[in-house]
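For reference, the structure discussed in these notes is given below.
Everything quoted here is computed from the prediction, not taken from an experiment. Every number for a ligand or one of its atoms is a count from 1 in the order of the listing.
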Amino acid sequence: MIPLEEARDYVLSVATRRDPSMLAVSEVLGLVLAEQIVSDEAIPPFPNTAMDGFAVRSVDVVDAPCDLRIVGTAAAGPASGLVIDAGEAARIMTGAVIPDGADAVVMVELTSAVGDTVTVQQPVPSGNHIRLAGDDIESGDVVFEPGTVLTAGHLGVLCSLGRREVLVHPRTKVGVFSTGDELVDEDRDLRPGEIRDSNRRTLLSLVALAGADPVDLGLVRDDEEAIEAALRTGAASCDALITSGGVSMGDFDFVKEVLSRIGDMRWMQIAIKPAKPFAFGTVDGTPIFGLPGNPVSSMVSFELFARPGLRSMMGHDAPLRPTIAAVADEDLRRGPDGKTHFLRTIAEVGVDGRFHVRSAGGQGSHMLWAMARSNALAVVPDGNGVERGGNVDVLLLLD
Ligand code: AMP
Ligand code: MG
């Protein structure tokens, strides 16, 4: 058995970032920026009002309350063309260009208007409620550096700056197939010995949640030729492949066999539970993640190896989920076996502000129900486990 870190380092050394490409801003949520964004426009582009109210000359209202003559209305949009002279004011709406002559805005709540006269109740300083050009971003500012993970706010800034496209590390296209003669996909009653394929839907979903682009490559029989064909066509059409099943010690675990014949692969036994068997390498240069078939194992293996690998391909500098220290709210028992155990737990923030975990239920590697209920894997090192009230590291699976 090899340590988790060794297996993961190997994955990360092979699954490296892909060349950047120009993509429409509408396509890049969650992707990693591959260029430095320098503003060539000021945001806001012109001085405008932050409030609905009246544009005034501050010198005219130093002795407020006082009355001013309303000369028109400035709305957001094309400039009103209004000019404010001594004793005058313009109605103005948030976002509107400040009329020439005015140097302050009085919020509507501090005014009362009758006919074409407005009474201003308080003096305001010059510049009051005016957002200056370049207040947020000035032309020439370095706005985002390469390596930035693009969130909703980043995309908004890119739109503000008039960017339609941006250079990013592209979304990895990930083919997923399940292997196993016992697996059924059709909507029909099960015959003796059959089970339904659950891993493919789970893995496709995990791929999507990791920010990659899932491609369903269906179910493949435990047959060397069928597996080889699926791997070759998948490797040719996708940037990475994820397979489930067929990498353990059984007589029909052909994924392992085929991969070692046609690929540059490493088949590993990792000192973890669940998800001990794992195959990883490349076929024709395409990274292949051979995950174990047990449903919980395949999910844990995805979290520990495939997700970091796919995110590394997508240019993330920190592809691993953070591990945080939590409090065990109940005994998390295990026995010594030379492995690190990943227990399915439910984590919640307690009144002390720390995460607290308790078991999510059955810990068998076939018990997907508890995995589905859990939102954190408790990392329990080799030994007898953690006692109630003790500290335990957890990998939060929050997306
Ligand atoms: P394997 O890794 O192929 O030896 O499979 C290990 C266990 O996981 C067996 O009990 C399989 O029936 C089960 N299994 C394999 N693939 C799937 C799948 N796609 N969905 C649900 N269970 C599976
Ligand atoms: Mg199998």
Measure the distances from the heavy atoms of G180 to every atom of ligand 1 and state whether one is below 4.0 angstrom.
no
Applying side-chain contact (heavy atoms from CB on, under 4.5 Å) between L23 and each of L167, V166, L31, report the one that passes.
L31
Which residue and atom name correspond to the protein heavy atom nearest atom 21 (C) of ligand 1, and how close is it?
S198 OG, 3.4 Å
Do V247 and ligand 1 have an N or O pair less than 3.5 Å apart?
no
Exercise: identify the closest heavy-atom pair between M313 and P287:
CE-CG, 3.9 Å
List every atom of ligand 1 that sits less than 4.0 Å from any heavy atom of S244, numbering the atoms from 1 in the order shown and giving each element.
16 (N), 19 (N)
Quick one: nearest non-hydrogen protein atom to atom 22 (N) of ligand 1, plus distance?
I195 CD1, 3.4 Å
Once you round to the nearest 0.5 Å, how far does CG of L343 lie from CZ of R334?
8.0 Å
Among all protein non-hydrogen atoms, which one is nearest to atom 5 (O) of ligand 1, and what is the separation to 0.1 Å?
G293 CA, 3.7 Å
For atom 6 (C) of ligand 1, closest protein heavy-atom neighbour
N294 N, 3.6 Å
What residue and atom, counting heavy atoms only, is the protein's closest point to atom 9 (C) of ligand 1, and at what distance?
E182 OE2, 4.1 Å
Students should be able to answer this: which protein heavy-atom is nearest to atom 19 (N) of ligand 1, and at what distance?
D197 OD1, 2.7 Å
NZ/NE/NH1/NH2 to OD/OE distance under 4.0 Å, D85 and R69:
no
Atoms in ligand 1 with a heavy atom of D253 nearer than 4.0 Å:
3 (O), 4 (O)
Could you check atom 17 (C) of ligand 1 against the protein and tell me its nearest heavy-atom contact, residue, atom and distance included?
N199 ND2, 3.3 Å
In this structure, is the centre-to-centre distance between the rings of F278 and F305 below 6.0 Å?
yes
Partner set under salt bridge (charged side-chain N to carboxylate O under 4.0 Å, His left out) for R311, not counting sequence neighbours
none
Of the protein's non-hydrogen atoms, which lies at the shortest distance from atom 3 (O) of ligand 1, and what is that distance?
G246 N, 2.9 Å
